[in-house]
Amino acid sequence: MEQKVIDQPTTRPTDHPTPKYIPQDFEAGWMQRWEADELYKTAPADERPKAYILDFFPYPSGDGLSVGHCRNYVPTDVMSRYYRMKGYNVLHPMGWDAFGLPAENAAIKTKTNPAKLIAQYSANYKRQFRLIGISFDWSREINSSTPEYYRWTQWVFLQLYEAWYDPRADAARPIAELEKELGEKGTAAIDAAQGIEGNFPRLSAAQWNAFNKRERSEFLSNFRLAYRKPARVNWCPVDKTVLANEEVHDGRCWRCGSQVIEKNLPQWFFRITAYSERLINDLDTIDWPEHIKLMQRNWIGKSIGAEADFKTGAGYLRIFTTRPDTLWGATFMVLAPEHPFVETLTTAEHKARVNQYVKEASAKTDIERETEGKDKTGVFTGAYATNPVNGERIPIWVADYVMMGYGTGAIMSVPAHDQRDFEFARKFHLPIRVVIRPEGESNEIHSLDADTMERAYPHEGVMVNSGPFDGTPADVAVEQVTQWLEEKGIGAKRINYKFRDWGISRQRYWGTPIPIIHTDDGEVAADHDALPVELPNVNSYEPTATGESPLATIPEWVNVTLPDGTHARRETDTMGTFACSSWYYMRFADPRNEHAPFDAKEVNYWCPVDTYVGGAEHAVMHLLYARFWTKALYDLGYVNFIEPFERLRNQGMILSPQVKDGKYEKMSKSKGNVITPDEMVSQYGADALRAYEMFISEFSQATPWQIDGLAGTFRWLKRVWDLMLAPNERPAANETTAQADRVLNRKLHQTIHKVESDIEAFAFNTVISALMEFTNVMYDLQNQVSREMFDHARETLLLVLAPIAPFMTEELWMRWGSKYSIHQQKYPQYDSAAAAEESFTLVVQVNGKVRGKIELPVGVSEAEAKQKAFDDPNVKKWMEGKNIAQVVYVPGRLMNVVVT
RNA sequence: GCCGGGGUGGCGAAAUUGGCAGACGCCCAGGACUUAGGAUCCUGUGCUCGUUGAGAGCGUGCGGGUUCAAGUCCCGCCUCCGGCACCA
């Protein structure tokens with residue numbers, strides 16, 4: 001390692017002109033050599049500290065990579081190369097999220113097998129990655145659409161299928177343990193842990209034991225972490241498949257942009273909601289951008305409140321509220337149109353109108369309800385409910401602003417303190433009663449008058465008109481009322497979450513087959529030894545008109561004969577691709593394992609991922625699902641980590657340099673403004689491209705591509721090149737070079753330090769500016785420093801530059817005759833003593849304005865600094881004839897003299 | 001509407017805990033070298049005033065405030081970008 005090149009004659013190419021920097025001459029050759037030498041092959045788990053640096057699993061598209069995509073691949077590569085030089089065992093792999101609609105739709109369009117397309121597209125990506133010098137360990141490449149991979153996606157599916165969430169353990173457990181418990185105790189013990197209501201039917205041990213196979217199977221669906229149920233789902237009529245809630249944006253398909261409609265279909269789900277609380281809480285343990293954490297919290301949408309029962313003619317009507325302190329202000333009830341009580345409660349007199357309303361509401365999709373604005377509609381059922389807190393009789397209405405999918409599908413309406421209820425009450429002339437007085441107003445209720453108020457007062461305050469609770473202050477009102485409800489047996493504390501279970505069924509060909517078989521006795525899991533359930537080869541991938549998967553049209557695949565000779569049908573839905581990407585980071589730890597998804601030692605050594613980088617668009621999809629799978633596999637004992645991604649960073653978008661309407665446009669194929677790394681490399685070389693990708697701006701910020709900026713980093717590298725190949729005929733170190741040597745050495749160590757801390761902090765743009773500064777200082781001092789210092793500085797610059805410009809630094813390293821490869825050298829050691837400054841500039845202000853700057857030695861006394869400052873002629877001028885009121889002295893920085 | 005994140009020269013952008021605003025790069029201008037320069041090197045480059053010089057005033061979206069000192073903290077707005085959107 002210590003091969004000093006200082007005295008080697010190869011550093012003095014005096015007899016021939018300095019070769020020009022022509023990156024295209026050597027870049028491709030070096031990449032080949034590194035791969036042939038397996039320079040970037042990752043070792044298995046060992047004693048070294050590890051660094052797992054991962055980019056989001058890309059879907060390989062036919063368009064290839066743009067310079068925008070390189071925005072994250074380059075910095076993570078720099079970081080990987082940096083940690084390798086620092087002695088870490090680095091895992092920096094790449095693979096393909098190859099299932100899914102884009103490939104399938106392209107396959108249909110071009111009548112090509114999607115696997116073939118993926119092979120083509122990924123080969124092109126790989127070519128581009130090599131072109132720009134990304135140091136992936138290709139021996140670990142994975143492709144989620146191969147049986148070798150999806151076999152284990154199916155395996156995870158079955159783990160979830162064969163598990164349930166036990167609220168008492170607050171963890172997933174094997175379903176067999178639940179079956180045993182049901183046979184002994186029924187659901188009694190689980191009930192108790194669930195609070196006033198769980199999401200499943202009650203059952204005694206006797207009932208369970210009397211169940212036949214099919215009944216048991218159906219009952220267990222209420223518990224399994226992977227389960228099937230009929231559901232109203234988002235259906236994309238163009239892609240002809242189901243979309244998860246997260247995949248619907250503004251009522252449109254996130255992929256093709258067409259209007260989503262609703263359909264009723266039996267669907268497979270993962271019970272992610274069981275993990276709501278843990279998914280929220282564990283966010284506190286990971287280093288992610290706050291806005292991503294916030295988006296996840298909002299998506300999960302936790303609300304703490306209470307449930308309460310209102311007596312009606314059809315039985316107790318249960319409502320959920322976050323404001324139990326407003327119970328005395330309820331003046332009517334509202335049911336969602338789909339609520340089961342609508343049918344039973346509505347009086348004969350109102351039947352016709354209510355039926356009509358419900359019919360219209362169900363015909364409308366959520367999107368239509370939304371586009372119609374927030375104008376409240378609804379009808380009276382003719383029925384009444386009794387408010388359990390004061391015995392009051394209040395009317396029950398039906399309205400579509402209450403949704404069946406949240407809470408209990410029924411609400412108590414408190415128009416004085418809820419804006420939606422307020423609007424409804426005003427429209428239908430329902431009474432409004434104030435029960436919360438804004439705090440800090442002495443004027444009591446007059447400040448909120450039911451007849452004249454123009455909007456609800458939804459905030460907190462002191463309770464009034466609330467019987468025993470009058471005068472209760474805001475901070476304890478909710479809690480005290482909730483407790484009181486529990487004591488009286490009227491209601492109980494309840495936590496609700498907005499988000500729903502993760503729907504994974506897709507009625508398409510190109511996905512992981514769901515390894516389930518439907519028998520006469522209900523569904524059964526495919527045999528673990530029979531995995532993978534392979535996708536059959538087909539000639540046509542067209543989705544069916546009926547909404548069934550194309551797999552359903554292949555009888556020889558669908559129909560199976562069980563060991564006992566009975567016939568059964570395979571599940572024909574496939575899994576959405578988020579299943580594949582929910583565990584791929586684990587597979588990279590041990591990608592060729594044929595006996596298990598991964599070896600426990602390898603996965604627990606490499607995971608969690610230390611640094612995970614990708615776009616912010618996956619905030620609530622992939623990033624939430626992957627966290628869920630990790631926790632489930634943790635609960636079931638397969639991995640020993642709870643969160644998959646320790647540190648997450650999002651790269652900003654690279655925009656087109658073209659300005660339209662005063663704004664930079666996004667790059668897109670349709671706008672024809674995509675800039676590719678291929679063009680840039682052919683013009684400036686990969687190293688300049690890499691440096692510019694880092695330099696362009698702060699990593700997370702959107703910014704336009706500027707070709708002149710790339711030309712700037714090219715020019716800088718050319719300057720470095722020339723400097724490195726310049727002959728060194730300087731004198732040996734002596735008294736005349738001592739000063740310049742010290743200055744250059746100081747800058748050198750400051751640069752090492754800056755580059756190290758900035759790479760680790762994701763401040764890549766300032767890494768480049770620091771290296772540019774160092775280069776400039778070397779140019780400034782090159783004729784004053786000694787031969788030894790000059791070469792030491794050159795070698796150091798080359799080494800710290802190696803992760804950023806791998807090609808050029810290797811080429812120069814070899815031209816210097818140093819030992820191959822520069823990428824296997826140790827990173828230069830930072831010396832804080834050498835980096836320490838000898839003097840500093842003291843800024844002297846008079847009344848906050850800069851009036852002088854003086855150079856002082858580090859460690860100067862305050863008295864001496866003051867003396868020197870006051871001697872400065874300009875400072876003197878501004879102080880003349882004034883009284884010094886105060887002198888603020890910040891050692892090493894600034895002095896502010898306040899005069900009057 | 002609600003929640004988040006931004007707004008700094010002609011352009012991309014820097015700026016620990018409040019402590020020289022504009023590092024670094026681009027563009028532009030001047031000079032050197034040169035047959036030539038669109039290569040390279042050097043110098044200058046926030047705006048305004050000041051003939052030069054020394055210097056002065058202004059300046060981080062807008063308006064206030066706190067402070068010896070504000071891009072940074074507080075209050076009120078404008079605007080752009082993301083997310084959520086009748087969630088009881």
Side-chain angles (χ1 to χ4, degrees), chain A residues 20 249-250 289-295 297-299 301-303 305 319-323 326 334 336 366 369-370 373-376 399-403 405-414 417-421 423-424 458 496-499 616-617 619-620 653 657 659 662-664 691-692 695-698 700-713 715-716 718-719 722 757 761 763 765-773 775-776 779-780 841-853 873-874 877 885-890 892-899:
Chain A
K20 280 209 168 113
H249 296 159
D250 295 327
E290 276 308 315
H291 70 276
I292 300 283
K293 290 188 185 183
L294 196 70
M295 275 164 79
R297 285 195 191 96
N298 290 343
W299 187 260
K302 179 181 181 176
S303 302
I319 59 99
F320 172 72
T321 178
T322 55
R323 293 298 301 275
T326 64
V334 183
D366 287 349
R369 289 186 193 182
E370 196 180 303
K374 303 199 171 165
D375 229 21
K376 299 285 179 293
D400 66 6
Y401 81 91
V402 174
M403 289 165 300
Y406 183 77
T408 61
I411 61 163
M412 62 161 184
S413 281
V414 186
H417 304 295
D418 182 284
Q419 186 59 23
R420 296 153 301 184
D421 296 345
E423 286 165 20
F424 195 80
N496 257 316
Y497 302 92
K498 263 201 298 194
F499 89 144
E617 67 275 11
V620 289
M653 204 184 307
V659 176
K663 279 177 200 163
Y664 295 106
Y692 183 56
F695 186 57
I696 191 164
S697 96
E698 196 277 321
S700 64
Q701 192 174 315
T703 191
W705 187 259
Q706 294 189 333
I707 193 73
D708 287 340
L710 174 54
T713 55
R715 217 154 21 221
W716 164 55
K718 194 157 58 174
R719 271 160 68 78
D722 291 342
S757 54
N765 51 340
T766 48
V767 167
I768 303 299
S769 58
L771 290 173
M772 285 173 166
E773 274 187 62
T775 308
N776 292 343
Y779 266 85
D780 289 346
T841 306
L842 182 75
V843 172
V844 187
Q845 298 180 335
V846 180
N847 285 350
K849 298 213 179 265
V850 179
R851 299 303 181 190
K853 295 177 185 182
N874 199 44
K877 193 178 99 193
Q886 191 188 352
V887 178
V888 181
Y889 180 60
V890 184
R893 284 182 183 274
L894 165 144
M895 181 177 291
N896 188 9
V897 186
V898 185
V899 298

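Per chain, numbering begins at 1; letters A, B, ... match sequence-line order.
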Kindly point out which of B:C24, B:C27, B:A14 is positioned nearest to the side chain of A:Glu698? B:A14

A:Trp705-A:Tyr692 aromatic ring centre distance below 6.0 Å: yes

Considering only atom P, compute the distance from B:C3 to B:U8 and round it to an integer number of Å. 25 Å

Would B:G9 be called syn or anti here, given the cut-off of 90° from 0? syn

Does B:A13 have OP1 or OP2 under 4.0 Å away from a side-chain N or O of A:Gln701? yes

CE of A:Met403 versus P of B:A88: gap in Å, rounded? 9 Å

So, the side chain of A:Tyr779 versus the backbone of A:Arg719: is there a donor-acceptor pair under 3.5 Å, distance only? yes

Do A:Val414 and A:Arg323 come close enough that some side-chain heavy atom pair is under 4.5 Å? no

Counting side-chain heavy atoms from CB outward, which of B:G12, B:A88, B:G19 is closest to A:Pro704? B:G12

Only pairs with both distances under 3.5 Å count, Watson-Crick or wobble alike; so what is the partner of B:G55 in this structure? B:C49

Tell me which nucleotide among B:G25, B:G57, B:C86 gets nearest to the side chain of A:Lys849. B:G57

With rounding to whole Å, what would you report as the distance between B:G50 and B:U72 at their C1' atoms? 33 Å

Which part of the nucleic acid does A:Val890 contact within heavy-atom distance under 4.0 Å: base, sugar-phosphate only, or nothing? base

Between A:Thr703 and A:Ala711, which is nearer to the 5' end of RNA chain B once each is assigned its nearest nucleotide? A:Thr703

Picking from B:A88, B:A13, B:G4, the nucleotide nearest the side-chain atoms of A:His291 would be B:G4

Does any N or O donor sit under 3.5 Å from an N or O acceptor when you compare the side chain of A:Lys376 with the base of B:C86? yes

Does A:Asn765 make a side-chain N or O approach to OP1 or OP2 of B:A14 shorter than 4.0 Å? yes

Report which part of the nucleic acid A:Asn776 touches: base, sugar-phosphate, or nothing (heavy-atom distance under 4.0 Å, all strands). sugar-phosphate

Need one value for A:Tyr889: base, sugar-phosphate or nothing, where a base atom within 4.0 Å counts as base even if backbone is also close, heavy atoms only. nothing

Please give, in whole Å, the distance from B:C11 P to A:Tyr664 OH? 8 Å

Side-chain atoms of A:Tyr406 come closest, of B:A88, B:C84, B:A13, to B:A88

A:Lys718 side-chain N/O to B:U40 phosphate OP1/OP2 under 4.0 Å: yes

Counting only side-chain nitrogens and oxygens, does A:Lys663 get under 4.0 Å of the OP1 or OP2 atom of B:C81? yes

For residues A:Glu698 and A:Asn765, report the shortest heavy-atom separation together with the two atoms involved. N-ND2, 3.3 Å

So A:Thr326 and A:Asp418, side-chain contact (heavy atoms from CB on, under 4.5 Å) or not? Walk me through it. CA-CA 10 Å; A:Thr326 64; A:Asp418 182 284; over 6 Å; no

Please state the C1' separation for the pair B:C58 and B:G9 - nearest whole angstrom. 14 Å

For the side chain of A:Asn896 and the base of B:C68, is some donor closer than 3.5 Å to an acceptor across the two? yes

Residue A:Tyr401, side-chain heavy atoms: nucleotide from B:C11, B:C86, B:G4 that is nearest: B:C86

Write down the atom of A:Ser303, the atom of A:Thr322, and the distance for their closest heavy-atom approach. CB-CG2, 3.8 Å

Using the closest heavy atom to pick a nucleotide of RNA chain B for each, name whichever of A:Gly405 or A:Glu290 lands nearer the 5' end. A:Glu290

Angle between ring planes, A:Tyr401 versus A:Phe424, binned at 30° and 60°: parallel, tilted or perpendicular? tilted

Proximity to the side chain of A:Arg851 - top-ranked nucleotide from B:A23, B:G57, B:A88: B:G57

Rounded distance in Å between the C1' positions of B:G57 and B:G6: 31 Å

What's A:Ala619 touching, base or sugar-phosphate or nothing? Going by heavy atoms closer than 4.0 Å. nothing

NZ of A:Lys498 versus P of B:C3: gap in Å, rounded? 13 Å

Expressed in whole Å, how much space separates the C1' atoms belonging to B:G61 and B:C49? 26 Å

Nearest to the side chain of A:Thr766, which nucleotide is it out of B:G19, B:A88, B:A14? B:A14

Would you say a side-chain N or O of A:Asn298 is under 4.0 Å from OP1 or OP2 of B:A85? no

Regarding the side chain of A:Phe695, the nearest nucleotide among B:C68, B:C27, B:C24 is B:C24

NA contact type, A:Asn874, heavy-atom cut-off 4.0 Å: base, sugar-phosphate, or nothing? sugar-phosphate

Is A:Leu894 touching bases, backbone alone, or none of the nucleic acid, heavy atoms closer than 4.0 Å? base

Please report the shortest heavy-atom distance between A:Thr766 and A:Ala763, naming the atom on each side. OG1-O, 3.0 Å

Spacing of the C1' atoms in B:A21 and B:G71 (rounded, Å): 7 Å

Distance below 4.0 Å between A:Arg715 side-chain N/O and B:C26 OP1 or OP2: yes

For B:G10 and B:C84, measure between their C1' atoms and round to the nearest Å. 39 Å

From B:C68, B:C42, B:G25, pick the nucleotide closest to the side chain of A:Arg719? B:C42

